[in-house]
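Note that these values count all heavy atoms, side chains included, but never hydrogens, waters or copies made by symmetry. Quick caveat, the model's predicted, so the values are computed rather than measured. Each chain gets a letter, A, B and so on, in the order its sequence line appears, and its residues count up from 1.
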Amino acid sequence: MQPHVVIQTEDFNVAEVLTAMRASDLRVGAICTFVGTVRDTRMLTGQAMDEVVSMTLEHYPGMTESAIEAMIEEAHQRFDFYQAKVIHRVGELKPADQIVLVAVTSAHRGESFKACEFLMDYLKTQAPFWKKEQTPDGAKWVDARVSDDKALARWGIKSSNA
Amino acid sequence: MKLRLRYFASLRESLGKSQEDLTTDAKTVGELRDQLLAHGGAYLCLARDKAVRMALNQVMVAEDAPLTDNAELAFFPPVTGG
């Protein structure tokens with residue numbers, strides 16, 4: 001069986017992942033996906049110093065995988081879905097690159113929608129990744145957002161990450 | 001007891017190292033943090049007014065978590081993945 005959690009430097013192909021998830025389970029009637037990407041602000045802001053030229057993602061090998069596996073286990077306790085797959089890239093990323101994929105299969109749409117959002121909310125505040133943005137003005141670690149803690153609180157889980 | 005400390009992201013940069021091994025009589029994660037802070041200098045990046053998260057044997061913990069021999073204790077800033 002393929003691992004549920006993959007941390008990799010390479011890009012991923014969403015269509016291939018979804019095809020494989022469906023092919024391996026004929027019960028699937030719904031598949032919900034979230035793809036997080038690097039925003040390309042260079043054409044929008046007009047403020048050269050804010051332009052993100054590239055982004056470097058660091059993580060805690062071992063803990064990252066086990067933490068996300070535990071999140072998937074927690075999601076299984078809450079929602080009636082078949083399979084969840086999380087692919088998260090690390091290393092250097094450029095504007096418009098894909099960062100993360102969360103894909104969830106279920107019989108009907110409701111459970112996979114909920115599980116997908118739950119997993120992303122959880123991941124944002126509890127998985128050990130750190131982003132560093134490279135701009136023309138220098139490098140800067142990205143600040144955690146209080147809104148992400150609030151997003152997880154909607155599921156009844158207290159987070160004080162930010 | 002013996003511990004392996006690991007530092008990530010901005011804390012790794014502030015301390016200039018990603019890990020170190022030490023022997024301590026600290027009983028909890030918080031006591032160990034106090035001992036590191038007592039060194040001053042770069043260790044002040046672990047000060048209580050800074051946002052620092054901790055993981056013991058790769059699970060997020062609070063400062064009252066008891067230390068165990070040969071544990072891996074990690075310090076890092078708030079996470080920003082996804």
Peer 1: Ignoring hydrogens, what is the shortest heavy-atom contact between B:Pro78 and A:Ala144? Give both atom names and the distance.
Peer 2: CB-CB, 3.5 Å
Peer 1: Tell me, out of B:Glu72, B:Met60, B:Gln58, who's got the most heavy-atom pairs with chain A below 4.5 Å.
Peer 2: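 Looking at each of B:Glu72, B:Met60, B:Gln58 in turn, B:Gln58 comes out on top.
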Peer 1: Are B:Leu37 and B:Val52 connected in the hydrophobic side-chain network, where two residues link if heavy atoms are under 4.5 Å apart?
Peer 2: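 Same cluster: B:Leu37 reaches B:Val52 through Ile, Leu, Val, Met, Phe, Trp or Tyr contacts under 4.5 Å.
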Peer 1: Any idea which heavy atoms bring A:Trp130 and B:Pro77 closest together, and the distance?
Peer 2: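 Scanning both residues, the minimum pair turns out to be NE1-O, 2.9 Å.
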Peer 1: In terms of ring plane angle, is the pair A:Tyr60 and B:Phe76 parallel, tilted or perpendicular, where the classes change at 30° and 60°?
Peer 2: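 Correct class here is perpendicular.
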Peer 1: With distance as the sole test, does A:Asn161 use its side chain to make a donor-acceptor pair with the main-chain N or O of B:Val79 at under 3.5 Å?
Peer 2: yes
Peer 1: Determine which residues belonging to residues 104-117 of chain A lie within contact range of chain B, meaning some heavy atom pair is under 4.5 Å apart, and list them by number or answer 'none'.
Peer 2: none
Peer 1: Heavy-atom cut-off 4.5 Å, strictly under: side chain, backbone, both or neither for A:Asp143 against chain B?
Peer 2: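 Contact with chain B: backbone only.
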Peer 1: Heavy-atom distances under 4.5 Å only: say whether A:Ser66 touches chain B with side chain, backbone, both or neither.
Peer 2: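 For A:Ser66, the contact with chain B is made by the side chain alone.
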Peer 1: With clusters defined by side-chain heavy atoms of hydrophobic residues (ILVMFWY) lying less than 4.5 Å apart, directly or transitively, does A:Leu101 cluster with A:Val5?
Peer 2: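 Hydrophobic grouping puts A:Val5 apart from A:Leu101.
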Peer 1: Between CZ of B:Arg53 and CD of A:Gln126, what distance do you get to the nearest 0.5 Å?
Peer 2: 4.5 Å
Peer 1: Are A:Phe79 and A:Val28 connected into the same hydrophobic cluster when the rule is that any two of I, L, V, M, F, W, Y join if their side-chain heavy atoms are below 4.5 Å apart?
Peer 2: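 Different clusters: A:Val28 never reaches A:Phe79 through Ile, Leu, Val, Met, Phe, Trp or Tyr contacts under 4.5 Å.
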Peer 1: Heavy-atom distances under 4.5 Å only: say whether A:Ala67 touches chain B with side chain, backbone, both or neither.
Peer 2: neither
Peer 1: Measuring from atom NZ of A:Lys132 to atom CD of B:Glu13, what distance do you get when rounded to the nearest 0.5 angstrom?
Peer 2: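 That separation rounds to 3.5 Å.
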Peer 1: Do side-chain atoms of A:Trp141 reach the backbone of B:Ala9 as a donor and acceptor pair under 3.5 angstrom?
Peer 2: no
Peer 1: For B:Thr80 and A:Lys131, indicate whether the former's side chain and the latter's backbone hold a donor-acceptor pair under 3.5 Å.
Peer 2: yes
Peer 1: Within a 6.0 Å radius of atom CZ on A:Arg78, are there more than 12 heavy atoms belonging to other residues, nucleotides or ligands?
Peer 2: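 Atom CZ in A:Arg78 is crowded, with more than 12 foreign heavy atoms closer than 6.0 Å.
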Peer 1: Who among A:Thr64, A:Val142, A:Val102, A:Leu57 has the most heavy-atom pairs with chain B under 4.5 Å?
Peer 2: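 The answer is A:Val142.
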Peer 1: Do A:Leu18 and A:Ile87 sit in the same hydrophobic cluster, where Ile, Leu, Val, Met, Phe, Trp and Tyr count as joined when their side-chain heavy atoms come under 4.5 Å apart?
Peer 2: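 A:Leu18 and A:Ile87: one cluster.
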Peer 1: Between the main-chain N or O of B:Gly81 and the side-chain N or O of A:Lys124, is there a donor-acceptor pair closer than 3.5 Å?
Peer 2: yes
Peer 1: If two hydrophobic side chains count as joined below 4.5 Å and joins carry through other members, does A:Val53 share a cluster with A:Leu93?
Peer 2: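 No; tracing contacts between hydrophobic side chains, which count when under 4.5 Å, never links both residues.
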Peer 1: Tell me whether the count of non-hydrogen atoms from other residues, nucleotides or ligands lying under 6.0 Å of NZ in A:Lys150 goes above 12.
Peer 2: no
